Asks: 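Structure incoming, see below.
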There are 2 protein chains.
Amino acid sequence: MSKRKETSSNSINKEYIIECDLTYAISMVGGRWKLLILCRLEDGALRFSELRRSISNITERMLTLQLKEMESDGLVRRTVYAEVPPRVEYELTHTAKELIPVWKQLSDWGARHRGCQMTVVKAG
Amino acid sequence: MSKRKETSSNSINKEYIIECDLTYAISMVGGRWKLLILCRLEDGALRFSELRRSISNITERMLTLQLKEMESDGLVRRTVYAEVPPRVEYELTHTAKELIPVWKQLSDWGARHRGCQMTVVKAG
DNA sequence: CTCATTACTTACATTTTTGTTAGTACCATA
DNA sequence: TATGGTACTAACAAAAATGTAAGTAATGAG
């Protein structure tokens with residue numbers, strides 16, 4: 001009786017959505033941090049602390065969680081170097097590299113339309 | 001004293017993220033339903049009930065909320081016809097149409113990689 | 001011995017997102 | 001008068017996402 005519902009609508013919808021190629025992709029890459037992390041890795045591997053410093057507002061917990069999920073989804077590769085202090089590097093997999101044009105396009109779109117909005121805001 | 005914090009970190013991060021073109025775009029188009037709705041409108045305007053029926057798991061509330069947000073973000077245009085019963089149609093704006101190649105690419109990516117994963121799952 | 005560094009983990013709290021249920025106004029039809 | 005369709009809205013509840021604060025192990029520097 002600790003589980004409320006075995007299959008909440010929320011989870012059912014999650015499954016349902018994964019039956020669609022598009023929303024499957026969104027579920028891999030959506031949320032507040034994932035694309036931001038991925039695009040930081042575009043130019044090559046970075047270690048955990050470098051990622052953390054490069055995304056100033058992210059917490060260690062969030063970075064860990066997102067990286068873990070993306071690792072298990074096959075988007076990033078994690079390499080541990082047996083050194084002290086520890087060194088762990090993250091890099092894009094081939095699968096994730098295929099997304100580079102997507103986030104570039106999205107980013108361009110964002111640049112075009114964010115610009116407009118800010119002008120309006122300034123004018124108001 | 002009803003507000004807990006004037007500026008929760010959560011909201012602050014939302015703002016922060018909107019300073020990046022990429023995550024600004026994600027914030028426009030992310031979440032469980034938005035892209036799914038947009039791509040339903042790719043071939044032309046649909047009325048509310050058509051959208052609802054075409055996305056079988058969405059609730060009226062969610063559809064309303066998402067459409068409203070996208071309308072105020074300039075992604076969909078809402079047209080009300082003064083008929084009884086009421087008829088309201090939604091269509092993509094020019095801004096949203098610029099995103100068509102993005103969701104096509106994402107969808108293609110999803111198709112390629114979802115396929116792989118399912119094979120693995122079946123094998124396990 | 002103490003402190004610092006790195007890459008985390010854990011328990012918990014808060015915020016945001018999503019879903020449930022019921023209700024609205026309008027008119028047509030039976 | 002009752003029912004049905006359309007496009008919603010409102011109050012509430014549940015679930016998911018995100019954030020906070022503290023702690024861990026290993027080891028080298030001082």
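Because only heavy atoms are used, hydrogens play no part in the values below, and waters and symmetry mates are left out as well, while side chains stay in. Quick caveat: nothing in here was measured; it's all calculated off a predicted structure. First the proteins, then the strands, lettered A, B, ... as listed; each starts at 1.
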Asks: Under 4.0 Å from OP1 or OP2 of C:dT6: is there any side-chain N or O of A:Arg87 that close?
Replies: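 For C:dT6, OP1/OP2 do not have a side-chain N/O of A:Arg87 under 4.0 Å.
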Asks: Give the nucleotide from the list D:dT27, D:dG19, D:dT6 with an atom nearest to the side chain of A:Thr59.
Replies: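 Selected nucleotide (nearest to the side chain): D:dG19.
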Asks: Report the nucleotide, chosen from C:dA7, D:dG5, D:dT18, that has the shortest atom-to-atom distance to any side-chain atom of B:Pro86.
Replies: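 Side chain of B:Pro86 sits closest to D:dG5.
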Asks: Rounded to whole angstroms, how far apart are CG on A:Asn57 and C1' on D:dT20?
Replies: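 So the CG-C1' distance, A:Asn57 to D:dT20, works out to 15 Å.
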Asks: So do A:Ser49 and A:Arg53 actually touch side chain to side chain, heavy atoms under 4.5 Å?
Replies: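 Yes, side chains in contact.
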Asks: Could you list all the ring-ring contact (aromatic ring centres under 6.0 Å, His included) pairs where at least one residue sits in residues 77-99 of chain B, not counting sequence neighbours?
Replies: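 Passing the test, one end in residues 77-99 of chain B: no pairs.
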Asks: If you assign A:Gln66 and B:Tyr90 each to the DNA chain D nucleotide with the nearest heavy atom, which residue ends up on the more 5' nucleotide?
Replies: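 Its nearest nucleotide lies further toward 5', so the answer is B:Tyr90.
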Asks: My understanding is that only residues two or more places apart in sequence, or in another chain, count here; which of them pass salt bridge (Lys or Arg N to Asp or Glu O under 4.0 Å) with A:Arg77?
Replies: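 Per chain and number, A:Arg77 pairs via salt bridge (Lys or Arg N to Asp or Glu O under 4.0 Å) with A:Glu91.
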Asks: Using the side chain to side chain contact (heavy atoms under 4.5 Å, CB included) criterion, which residues pair with B:Val84? Sequence neighbours excluded.
Replies: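 If we apply the side chain to side chain contact (heavy atoms under 4.5 Å, CB included) test to B:Val84, skipping adjacent residues, there are no hits.
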Asks: Using whole Å, report how far NZ of B:Lys34 lies from P of C:dT17.
Replies: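 Nearest whole value for this atom pair: 9 Å.
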Asks: What integer distance in Å separates A:Glu69:CD from C:dC8:P?
Replies: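 Value for this atom pair: 15 Å.
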Asks: Calculate the interatomic distance between A:Ile26 atom CD1 and D:dA17 atom C1'; express it in whole Å.
Replies: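 My rounded result for the distance is 17 Å.
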Asks: Listed by chain and number, what are the salt bridge (Lys or Arg N to Asp or Glu O under 4.0 Å) partners of B:Lys104, not counting sequence neighbours?
Replies: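 Salt bridge (Lys or Arg N to Asp or Glu O under 4.0 Å) check on B:Lys104 returns B:Glu42.
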Asks: Round to the nearest Å and state the distance from A:Arg47 atom CZ to C:dT6 atom P.
Replies: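 In whole Å, C:dT6 P and A:Arg47 CZ are 7 Å from each other.
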Asks: Using whole Å, what does the distance between atom P of nucleotide C:dT5 and atom CZ of A:Phe48 come to?
Replies: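 Computing the A:Phe48:CZ to C:dT5:P distance gives 16 Å.
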Asks: Taking side chain to side chain contact (heavy atoms under 4.5 Å, CB included) as the definition, give me every residue that meets it alongside B:Gln105, ordered by chain and number, with sequence neighbours left out.
Replies: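 Counting only residues at least two positions away or on another chain, B:Gln105 forms a side chain to side chain contact (heavy atoms under 4.5 Å, CB included) with A:Pro101, A:Val102, A:Gln105.
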Asks: I need the residues from residues 74-83 of chain B with at least one non-hydrogen atom less than 4.0 Å from DNA chain C; give them sorted by number, or say none.
Replies: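 Contacts with DNA chain C under 4.0 Å: none.
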Asks: Side chain of A:Met62: nearest nucleotide among D:dT18, D:dT6, C:dA7?
Replies: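 Of D:dT18, D:dT6, C:dA7, D:dT18 is nearest to the side chain of A:Met62.
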Asks: With sequence neighbours excluded, what pairs up with A:Arg47 under the salt bridge (Lys or Arg N to Asp or Glu O under 4.0 Å) test?
Replies: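 With neighbours one apart ignored, the set is empty.
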Asks: For B:Thr64, enumerate each residue passing the side chain to side chain contact (heavy atoms under 4.5 Å, CB included) test, keeping only those at least two apart in sequence or located in another chain.
Replies: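 Side chain to side chain contact (heavy atoms under 4.5 Å, CB included) list for B:Thr64, sorted by chain: B:Phe48.
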Asks: By side chain to side chain contact (heavy atoms under 4.5 Å, CB included), which residues pair with A:Leu92, not counting sequence neighbours?
Replies: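 Per chain and number, A:Leu92 pairs via side chain to side chain contact (heavy atoms under 4.5 Å, CB included) with A:Leu38, A:Leu41, A:Ala96, A:Lys97, A:Ile100, A:Trp103.
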Asks: In whole Å, I'd like the distance from the CZ atom of B:Arg53 to the C1' atom of D:dA7.
Replies: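 Computing the B:Arg53:CZ to D:dA7:C1' distance gives 12 Å.
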Asks: Dump every N/O contact between nucleotides 9-13 of chain D and the protein below 3.5 Å, one line per pair.
Replies:
| from | atom 1 | to | atom 2 | distance (Å) |
| --- | --- | --- | --- | --- |
| D:dT9 | OP1 | B:Lys68 | NZ | 3.3 |
| D:dT9 | OP2 | B:Lys68 | NZ | 3.1 |

Asks: When you check the phosphate oxygens OP1 and OP2 of C:dT17, does a side-chain N or O of B:Arg32 lie under 4.0 Å from one of them?
Replies: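 Looking at the OP1 and OP2 atoms of C:dT17, neither is under 4.0 Å from any side-chain N or O of B:Arg32.
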Asks: In whole angstroms, how far is the C1' atom of D:dG19 from the CG atom of A:Leu63?
Replies: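 Checked: the CG to C1' distance equals 14 Å.
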Asks: Enter the inter-axis angle for the ends of the helix from C:dC1-D:dG30 to C:dA30-D:dT1 (five pairs per end, rounded to 10°).
Replies: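 The value is 20°.
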Asks: Using the test salt bridge (Lys or Arg N to Asp or Glu O under 4.0 Å), find all partners of A:Glu50 that sit at least two apart in sequence or belong to another chain.
Replies: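 With neighbours one apart ignored, the set is empty.
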Asks: Would a 4.5 Å heavy-atom cut-off, applied to side chains only, mark A:His113 and B:Glu98 as touching?
Replies: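 A:His113 vs B:Glu98: side chains touch.
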Asks: Would you check if B:Ile37 and B:Leu67 make a side-chain contact, meaning some heavy-atom pair closer than 4.5 Å?
Replies: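 B:Ile37 reaches B:Leu67 side chain to side chain.
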